[in-house]
Amino acid sequence: MSTGYPRPYGVTLLSLPPTPDPADWSPGNVQKWILWTEHQYRLPQLGKSFQELSGKELCAMSEEQFCQRSPVCGDVLHAHLDIWKSGGDSGWADSEVDSSCAGQPIHLWQFLKELLLKPHNYGRFIRWLNKEKGIFKIEDSAQVARLWGIRKNRPAMNYDKLSRSIRQYYKKGIIRKPDISQRLVYQFVHPL
DNA sequence: GAAAAGGAAATTG
DNA sequence: CAATTTCCTTTTC
């Protein structure tokens with residue numbers, strides 16, 4: 001029994017936008033979302049930098065455009081908005097987020113799968129080598145680590161630490177190194 | 001020189 | 001308490 005619609009992982013309660021799809025947000029809804037995100041992740045005050053923008057316009061903005069309006073945390077806001085987008089290249093059929101795991105911090109393996117799901121946005125950072133076998137390659141380790149740090153609110157995240165977390169999955173049987181070990185290439189033990 | 005591999009301790013929800 | 005995060009040493013690309 002939650003708020004009625006699925007929310008991104010790691011999201012707790014407070015003043016949430018009225019609809020789950022940011023494309024439906026009015027300029028007022030956008031402001032609400034910004035205030036809420038500011039609070040959740042202790043971001044510096046955004047002020048009116050995103051005034052008068054509809055959700056549709058917001059969704060059309062690139063990370064660069066976000067940073068133009070907010071040099072300090074535009075990248076963080078942009079990454080968080082992407083969590084709310086359900087559409088995109090091949091959005092998650094909102095069954096992914098059930099109330100049972102709502103509020104729990106997202107797992108690294110889930111995050112990686114999210115990025116892999118949106119090749120249009122993240123294909124330059126991480127991509128499938130063999131989707132059927134669950135083999136993927138991290139093309140830009142620094143960028144993936146940066147996005148992971150944003151998601152977990154860990155500004156000091158880097159690939160050294162992210163990769164250590166991936167290695168913790170070895171004994172758990174979640175991710176492994178492919179048969180022919182290659183740098184920056186990993187494999188999900190249970191694809192699909 | 002960056003990446004892989006783990007041990008160990010600290011942190012966080 | 002589990003899942004990282006942080007830090008670090010050694011080895012392999």
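Order of the sequence lines sets the chain letters (A, B, ...), proteins ahead of strands, with each chain counted from 1. Computed from heavy atoms alone, side chains included, the values below leave out hydrogens, waters and symmetry copies.
- A:Leu35 and A:Leu58 sit in two unconnected hydrophobic clusters of ILVMFWY residues. Membership requires side-chain heavy atoms under 4.5 Å apart, directly or through other members.
- A:Arg176 contributes no side-chain N or O that, together with a main-chain N or O of A:Val189, makes up a donor-acceptor pair within less than 3.5 Å.
- Side-chain N or O atoms of A:Gln65 include one that pairs as donor or acceptor with a backbone N or O of A:Ser62 at under 3.5 Å.
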Could you run down nucleotides 4-12 of chain B 5' to 3' and tag each one B, S or - for protein heavy-atom contact under 4.0 Å?
-> SBBB----S
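- Annotation: salt bridge (Lys or Arg N to Asp or Glu O under 4.0 Å) contacts of A:Glu38 (sequence neighbours excluded): none.
- No salt bridge links A:Arg69 with A:Glu57; every basic N to acidic carboxylate O contact stays at or beyond 4.0 Å.
- Within the cation-pi definition used here (under 6.0 Å to the ring centroid, within 45° of the axis), A:Lys177 qualifies as a partner of A:Tyr186.
- Ring geometry for A:Phe50 versus A:Phe66: interplanar angle of 30 to 60°, hence tilted.
- Relative orientation of the A:Trp109 and A:His107 rings is perpendicular, given thresholds of 30° and 60° on the angle between their planes.
- No contact: A:Leu162 has no heavy atom under 4.0 Å from any strand.
- Mapping heavy-atom proximity under 4.0 Å, the span of DNA chain C touched by chain A runs 5' to 3' from C:dA3 to C:dC13.
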